[in-house]
Amino acid sequence: MQSNADAAMGPGRESSHEPQLTLRALVTGMVIGGVLAPCNIYTGLKIGWSFNMSIAAALIGLALWRLMEVFGVRRFGLMENTINQTAASAAAAIVSSGLAAPIPALALVNGTQLSWAWLACWLFVVSFLGVMVAVGLRRQMLLRSGLPFPAGMATAQTLREIYSHGAEATARVRVLFASLTLAAALKLGQEFMFTVSRWSPTLTLPGRSASLHNLGFALDPSLLMIGFGAIVGLKVGLSLLLGALIAWGWIGPWTIARGWTEPGAPEAVWFGPMVEWLLWPGVALMVSASLTTVVAAGWHRHRRREPLAGIETAAAIGEVPAAWFRSGAVIAGLISVVAQMALFGIALYAAVIATLLAFGLAIVAARVAGETGITPIGATGKVTQVSFAVITPGNISNNLMAANVTGGATDQCADLLHDLKAGMLLGAAPRFQAIAQLFGVATGALVGSAAYLLLIPDPHSMLLTPEWPAPAVATWKAVAEVLQGGAGSLPPGSVSALIVAAIAGVALALIAELVPTWGRWMPSGSAMGLAFVIPAWNSVSLFLGALIGAALSRLAPHWAARFLLAIAAGLVAGESLAGIAAAASRLLRGV
């Protein structure tokens, strides 16, 4: 599978003459990541959303070292900046290792609050597991499947443009910064000066009491999602739109009519009550489609004895040695099991199952993130929560922290794969990026745990309040409490929907992989499943971005080849940077 822009960028080659894993590159990434991690923790607890910090870290790192060049310091090279952004984004992504969901949820349920040292250890353990999974998945996801990993592509394009020279490079940089400025200005304007609401037509569906507004079908003023859509391509965009129409336009209202879901207020968006039912078929569709694709692709290539693509041979330079990966995977699995037993009293057999689930579900999350740019941390976590409702029924602590292993591992896995995509396109050595990711994880664990404990010293009185709504915490806590009675506590009708969705995911993936003449027309089951668990307006925006990108590529192919990815990367970078600035501003103002 290839995105609109993948072919345009082409594979990079490792620059043997240019330093990569230097001390200053590592330290720069760790320092920047240590500064950005609290921003993600703040936004995660405020709105349940965090930002990919790769582009922000790359631009900040370049700016810092450009200032140092005035004093005669050697130029901060492209490869060093690639290492910097890898370490920084890993540190900033530590929020998804539990700080904005299962860890505070556990504190609310039974008062468990780890000390700074033990919390940092736990965050490192679950993140280390994800790093090792990403190393193992690199060849399958990036080289064989060629997934776009849009955040990685946007990072690579941004770095490539700001380090390029000549008239053509200058023109692309100008376009990139113009789109960056536009996206940043719109985001900051909405934050500080004016409000741009989502717009949806005042249309009530025939024969139903739900309006398009209630179901979340709206135009959202997020240029970041438009940029992601242009990167992921039309097939993924159409799959997301189809999934949203099925989930929010058909199944959701049907569950309300059957009395399985309670509608919200007439003037509200009903995402909250509906997603509690829709996430089960959505997760089943994502899991079945992603795992079937990985298995079928391996079997198909083995049967046909296909040689490795040229890009894989070239990219093997600087590959993580197999012995490193095997040793790291064993160590990561062992310390995950030990940490679960020691810190939360999880039985040996349950800890082993949780670790194995993390490996399997990280594959699912990586596939979805590679296609759409969105990592379904919450959705994959729910799979573990349901599994542990059967394995250790009635034990909320086991339910939450086993799912924490899955969530933390899946996000660090996806984060590293985005960075490895950028590195592959720029020519960085994967082994150096993997090392940088581990240093970033260690920094994020130390700084992130301290920031969380400083921000939320008393979870019981501070969380789930107007000041700290913590929506992800509320969701994880609610699911754990609902499942105290075992898997039989799932919403009515959801088990049948889960089975049907799983069968559909397997069928879509098998046809796409094994019948090429049909496969190119088949929607992506992974993307469709994601549309079940995100607001419909996100799917609409991603589709619009993909449609605009495809139309420009068809109508003005030469112009699109020159500027489309630069514009998309600028939109992603602009809104991300503005979101970071707004979060930092709120943190300083105590809002």
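It should be emphasised that the depicted structure is a prediction, and the values quoted were computed from it without experimental measurement.
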Audit row: Y163, L62, side chain to side chain contact (heavy atoms under 4.5 Å, CB included) steps and yes/no: CA-CA 10 Å; Y163 276 92; L62 179 63; 3.3 Å; yes

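- At distances below 3.5 Å, not a single donor-acceptor pair connects side-chain atoms of N399 with backbone N or O atoms of F388.
- For the pair R24 and V73, the minimum side-chain heavy-atom distance is below 4.5 Å.
- Across every non-hydrogen atom of S397 and L106, the tightest pair is CA-CD1, 3.8 Å.
- Distance alone, capped at 3.5 Å, places no donor-acceptor pair between the R138 side chain and the P430 backbone.
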Verdict with reasoning, T82 to Q20, per side chain to side chain contact (heavy atoms under 4.5 Å, CB included): CA-CA 8 Å; T82 303; Q20 294 192 35; over 6 Å; no

Evaluation steps, side chain to side chain contact (heavy atoms under 4.5 Å, CB included), between V390 and V386: CA-CA 7 Å; V390 176; V386 172; 5.5 Å; no

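- Between the side chain of S127 and the backbone N or O of F124 there is no donor-acceptor pair closer than 3.5 Å.
- The side-chain heavy atoms of S449 and W122, taken from C-beta on, include no pair separated by under 4.5 Å.
- Within the 3.5 Å criterion, the main-chain N or O of A93 finds no donor-acceptor partner in the side chain of S97.
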Steps toward side chain to side chain contact (heavy atoms under 4.5 Å, CB included) verdict (D415, Q437): CA-CA 9 Å; D415 181 81; Q437 188 85 4; 3.0 Å; yes

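- The shortest side-chain heavy-atom distance between L59 and I55 falls under the 4.5 Å cut-off.
- Shortest non-hydrogen contact noted between I41 and A451 is CD1-CB, 4.1 Å.
- Closest approach of V133 to C413, counting heavy atoms only: CG1-SG, 3.9 Å.
- Between F128 and L438, the closest heavy-atom pair is CD1-CD2, 3.5 Å.
- In this structure a side-chain-to-backbone donor-acceptor pair under 3.5 Å is missing from Q85 to T155.
- No side-chain heavy atom of H418 sits under 4.5 Å from any side-chain heavy atom of S54.
- In this structure, the side chains of M79 and L21 stay at 4.5 Å or more apart for every pair of heavy atoms.
- Nearest heavy atom pair, residue G505 against residue S288, reads CA-OG, 3.3 Å.
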Verdict with supporting geometry, E161 and Q157, side-chain hydrogen bond (donor to acceptor under 3.5 Å, both in side chains): CA-CA 6 Å; E161 300 298 357; Q157 181 69 8; 2.4 Å; yes

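- Of the N and O atoms on the side chains of T28 and N84, not one donor lies less than 3.5 Å from an acceptor on the other residue.
- With values rounded to the nearest 0.5 angstrom, M528 atom CE is found 6.0 Å from L285 atom CG.
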Contacts under 3.5 angstrom, residues 335-364 side chains, donor-acceptor by atom type, not counting sequence neighbours:
residue	atom	partner	partner atom	Å
S336	OG	Q340	NE2	3.2
S336	OG	T355	OG1	3.0
Q340	NE2	S336	O	3.2
Q340	NE2	A351	O	3.3
Q340	NE2	T355	OG1	3.3
T355	OG1	A351	O	3.0

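- M141 places none of its side-chain heavy atoms less than 4.5 Å from the side chain of K421.
- Residues V447 and G34 come closest through the heavy atom pair CG1-O, 3.3 Å.
- In this structure, CD1 in I32 is found 5.5 Å from CD1 in I60, a value given to the nearest 0.5 Å.
- Without hydrogens or angle criteria, D411 side chain to I94 main chain gives no donor-acceptor distance under 3.5 Å.
- Panel note: side chain Q412, backbone L129; no donor-acceptor pair is recorded below 3.5 Å.
- Residue I435 holds its CD1 atom at 11.5 Å from OG1 of T86, rounded to the nearest 0.5 Å.
- Counting heavy atoms from C-beta on, the side chains of N110 and I396 never come closer than 4.5 Å.
- Judged by the 6.0 Å and 45° rule, R431 forms no cation-pi pair with W324.
- Separation of atoms OG (S89) and CG (L36) is listed at 10.0 Å; rounding is to 0.5 Å.
- The structure places CG of L417 at 9.0 Å from CG of L147, a figure rounded to the nearest 0.5 Å.
- For the atom pair CG of N81 and CZ of F76, the computed distance is 5.0 Å after rounding to the nearest 0.5 Å.
- Between the side chain of Q433 and the main chain of D419, a donor-acceptor pair closer than 3.5 Å is present.
- Counting only heavy atoms from C-beta outward, the side chains of I103 and M401 approach each other to under 4.5 Å.
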